[in-house]
Structure formats: structure tokens, C-alpha cells
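All remarks here apply to the structure that follows.
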Amino acid sequence: MVTFTAPDAQVAHSWVQAIQKKMFETGHTRPRKLLVFINPYGGRGKASRIYYSEISFLFQLAGIETDVIETTRANHARDYILEADLQTYDGVVCVGGDGMFSELLHGLVKRTQSDSGVCEDKENAMLTPCSLRIGIIPAGSTDCVCFATVGINDPVTSALHIIIGDTQPMDVCASYNDGQLMKYSVSLIGYGFFGDVLRESENLRWVGPIRYDLAGIKMVFSNQSYRGTVEYLEAYESNSSPRDNTRCRTGCLVCSESSERLREAAEECQDCQSDTWKKVTGSFLAINITGMSSACPKSQDGLSPTAHLADGTADLILVQESSTMQFLRHLNRHTNRKDQFALPNVEVHRIRAMRFTPEEFDEEEAIRRQKRFFGCPCGRTSETSIWNCDGEILNCAELSVRVHHQLIQLFARGIEDTSRS
């Protein structure tokens, strides 16, 4: 904060007018009116306090007009976005966690497709990118999206990115089952371990956020694997790889040059008339698709440290059946910055689409699993897992996923590279 002292009020007023005029001339990306949603129940009920004590006066100082809505039920924000007149707004802001962000994501994408006459249920549909930007004021129990796009979960930092008008495009993954759209996601789509953890945690809601840790411990020791076939389309020829140690940072060239690269690759693909799907059949402890690093305070590098925010790809991580100790070793590497992919039972691919088909058990395998149930100290074993889609349950096993290039925009600039002085 810098304080300027003028000789009198008239001069001070003229300074303010001159500064504001210059800002509007050069800061054309700065928002002037925002639609703000507050989840008063998320993150132990701290969202309202954070907004009114730390954020709202900053918006007022910046001359930003706001319409504020405190949500009263699940999907309140999503439903409001689907019906409201949004033409007067320069962006929508959520004050809450990843669940609140997901509501805005689904509402905005669905509204944009409806206004554009695009049927989003069609798996091969070319979705229309959203013009309104999304701002995230982190105030939830989990704020993975904010952490992975800003580098810190700090409400004031996020508010300043909104005020300045920073723009960060983001890819979005769409999940389909039996030809029907299930969910959109920007972070994790997980089958096996992460699906089982989410399913188990639903039975432990009474203990609060620690339920995820308790469910995780239980699922690690159950060491449950699931047979099936993973098919995937590799990313178009690009200058990035999940193993190249190149991080997505502010001004990332891989993301900024991706539009032209994807257009050229799509034209070449039309000439060859076919896509080659690669196939992996096995017994998987975990199948994870992540469109970004999925970093968080507990895992500074995330599930896939070199995943990019806006290059039209996602990283597919396959963890094959192994011992409990081997799997623990893989999970531990998410926290100690060692290469979590440099293990014999783990493989990673940069993809643009994936489909998974679970294997149907014969009678012999069903009997074997039934016997395992009685001998397993961690309880039941299931024939199939479920999908964890950004913390929401997709109660199905068969799934296909497609990456949509730069479908949304955030008020952010990516994580700034602090390694260079």
C-alpha cells in the first residue's frame, strides 16, 4: 500500500480520476461487475467471514460492482447460472472450496453450450469455450484447483488476481457413461484407490475432514485391485511429456502455443482418417486421469508434476497390482518430491481421450473374491470400484473421458516460477 498526499481535496480528486481513467484505458481485462457466490457451510463455515472481512472492501476500492449470493442448498449456484441474465457480468466468483468451484464450472459450461446450441451429451461434440471468467476465493476444506493454478491458498492473493484481471485458460475433462455425459472435471478422475477412498469416506462423514485420511489408511491395507481394459489416444505430437520435468508456469509456452499445434495435428489426423487407440489390460490398484498437476498443500508436486493446465491433454497414470508396501512407496512419493513414476508397477501417458471397460468375473474368480472377503481385515471386496470425479462419486465402472482444450478461463496467471531470481 502506498499513500499519496495532495495539497487539497480538489487535487486529490483529480489524481483519482486520472488514475482510474488510465486503468480503464490500459486495463481492459479488469472486471467491472462480478457475480459472487458464497458457500456459508463449506470449510467449517468460514467463507462468509473471509469474504466480508478480507475481500469485499478490496473490490470496493477497485471500483468493482458485485452482486453477492449466499447459497442455501447443493447446486444453488449452478442452477442460478443456468437461469440468470449474465450479460452484465465480467465474471463469476466462488468463495468456497473445490465443490463450490465445480458448481460454477458445470453451470457455466452447460449455460454456454445451451446458448450456443451445442448438445453437450454427445461424446464427440465440439464444446464452445466459456467467455466469462471464473474467480476462486479459497475458503473450503480442500482448495486444490486454486493451489494448482495460483501456487498458494490465500484469499487476498486470489482477490488481487481477480481485480487485476489476470486470465488463465484451462482444459476441462468430460466423462461419459453409456453415451451420456456424467461430469466435468479439471483435476482428478480416479478409479480404484481414489474411488474406494471416496466411497468409504461417505460412511465416515460424522468424523469431519479426517474421514479422508481414515478411509485412505483402510483402503491402502485392503490393497484392492480391479481387472479391466484401458484404451487411450495419445496426445498429438508435442514438445512435452509427463516425464520431461518441465513445469507449467506463468506464460507457459507449451500451453500458449497449443492452439496452433492442435489445429495442425487435427488437420493431419483428418488426412489419415483414423485414430489409433492403445490398449492396456490388467489388474489395477489405481487408474488416475489428471488435467493438471493436482498439487495441494499436502502434496506440493501433485499427482503429475509436469501436467499442463491448457495444452489440450491430460495425464493417465496406471498403477498395476502390487504389494501393499510397493503401493505405499508410490503414494509416499507424492509427498517427498521423488519420481512417483519410476516404479515397475507404474506407467504414465499424456493423452487426449481414454475409455475403461471393467472385466466381468467368471464363477471361479467370484468365488476367490468371496473367500478373500472373509479373510480381509478391512472388510468387503467389490467386483468393481467407482470413479472419483473431483471429489464427486460417479457410481459406475465403465467410463470414457475426453479432454476439451481451454474450455474455461480463470482469474489467475498460473504459478509463477520462483526458481529464477
Side-chain angles (χ1 to χ4, degrees), residues 29-39 42 47 64-137 140 145-146 149 158 161-162 165-177 179-187 189 259 291-292 309-310 312 389-392 394 401-412:
T29 62
R30 291 184 178 227
R32 302 186 185 185
K33 187 174 182 181
L34 297 170
L35 177 60
V36 180
F37 293 95
I38 301 174
N39 178 6
I64 297 174
E65 183 182 350
T66 57
D67 288 337
V68 180
I69 297 173
E70 291 202 8
T71 58
T72 57
R73 56 178 174 83
N75 293 320
H76 183 171
R78 183 201 67 182
D79 295 343
Y80 188 93
I81 290 172
L82 290 175
E83 301 295 334
D85 181 3
L86 303 177
Q87 293 186 7
T88 61
Y89 298 109
D90 300 307
V92 292
V93 175
C94 63
V95 186
D98 290 333
M100 191 67 174
F101 167 79
S102 182
E103 282 199 34
L104 267 63
L105 167 68
H106 283 81
L108 205 54
V109 171
K110 189 176 184 68
R111 175 65 182 271
T112 301
Q113 307 322 305
S114 176
D115 291 348
S116 303
V118 176
C119 179
E120 61 178 346
D121 281 330
K122 291 185 178 179
E123 195 169 334
N124 60 351
M126 295 296 295
L127 300 186
T128 303
C130 303
S131 57
L132 282 181
R133 286 169 288 178
I134 300 176
I136 308 172
I137 304 296
V145 178
C146 182
T149 54
S158 293
H161 282 298
I162 295 170
D166 284 331
T167 301
Q168 172 63 56
M170 279 194 75
D171 298 333
V172 175
C173 290
S175 301
Y176 302 86
N177 173 256
Q180 291 295 310
L181 175 69
M182 299 293 287
K183 283 279 186 182
Y184 294 112
S185 66
V186 298
S187 181
I189 308 173
S259 296
M292 60 183 190
L309 294 173
C389 184
D390 280 1
E392 298 288 334
L394 300 185
V401 177
R402 182 182 172 195
V403 183
H404 290 276
H405 181 234
Q406 299 186 6
L407 190 61
I408 62 170
Q409 300 179 85
L410 299 187
F411 284 109

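The figures here come from the full heavy-atom set of this structure, side chains too, leaving out hydrogens, waters and symmetry mates.
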Decide yes or no on side chain to side chain contact (heavy atoms under 4.5 Å, CB included) for E120 and L127, but give the supporting numbers first.
CA-CA 7 Å; E120 61 178 346; L127 300 186; 4.2 Å; yes
Tell me the closest heavy-atom pair linking S259 and H405, and the distance in Å.
OG-CE1, 3.2 Å
Closest contact, heavy atoms only, V118 versus A125:
CG1-CB, 4.3 Å
Considering non-hydrogen atoms only, spot the tightest contact between P169 and A310 and give its length.
O-CB, 3.4 Å
Shortest non-hydrogen contact from G312 to D171?
N-OD2, 2.6 Å
How many angstroms lie between atom CE of M100 and atom OG1 of T71, to the nearest 0.5 angstrom?
4.0 Å
Where is the tightest heavy-atom contact between T29 and R133, given as atom of each residue plus distance?
O-NH2, 2.6 Å
CZ/R111 to CG/L132 distance, rounded to the nearest 0.5 angstrom?
9.0 Å
Near K122 NZ, under 6.0 Å, is it more than 12 heavy atoms from other residues, nucleotides or ligands?
no
Nearest-0.5 Å distance that lies between atom CG in L104 and atom CD1 in I408
9.5 Å
Q113 side chain to T128 main-chain N or O, any donor-acceptor pair under 3.5 Å?
yes
Once you round to the nearest 0.5 Å, how far does CG of D115 lie from CG of L86?
8.0 Å
Do you know which of D390, N39, V145 makes side-chain contact (heavy atoms from CB on, under 4.5 Å) with F101?
V145
Compare every heavy atom of C173 with every heavy atom of I189, then report the nearest pair and how far apart it is.
CD1-CB, 3.8 Å
Hey, is the main chain of Y184 close enough, under 3.5 Å, to the side chain of H106 for a donor-acceptor pair?
yes
Kindly determine whether S131 and T112 satisfy side chain to side chain contact (heavy atoms under 4.5 Å, CB included), including the steps that lead there.
CA-CA 8 Å; S131 57; T112 301; 6.0 Å; no
Distance in Å, K33 NZ paired with D67 CG, rounded so as to fall on 0.5 Å steps:
4.5 Å
Report the C-alpha separation of L394 and S175 in whole Å, then their side-chain angles, then the decisive distance to 0.1 Å, and conclude whether the side chain to side chain contact (heavy atoms under 4.5 Å, CB included) test is met.
CA-CA 9 Å; L394 300 185; S175 301; 4.2 Å; yes
Taking the six-membered ring for Trp and the single ring otherwise, decide whether the centroids of H161 and F411 are under 6.0 Å apart.
no
Under 3.5 Å: donor-acceptor pair, side chain of E70, backbone of I38
no
Can you measure from CE (M170) to OG1 (T149) and round to the nearest 0.5 angstrom?
6.5 Å
Please evaluate residues S187 and M292 with respect to the criterion side chain to side chain contact (heavy atoms under 4.5 Å, CB included), reporting the C-alpha separation (whole Å), side-chain torsions for both, the decisive distance (0.1 Å), and the verdict.
CA-CA 6 Å; S187 181; M292 60 183 190; 3.7 Å; yes
Could you walk me through whether E123 and R402 pass the salt bridge (charged side-chain N to carboxylate O under 4.0 Å, His left out) test, one step at a time?
CA-CA 8 Å; E123 195 169 334; R402 182 182 172 195; over 6 Å; no
Hey, are the side chains of V109 and H404 touching, using non-hydrogen atoms and a 4.5 Å cut-off?
no
Main-chain N/O of Q180 paired with D121 side-chain donor or acceptor, under 3.5 Å
no
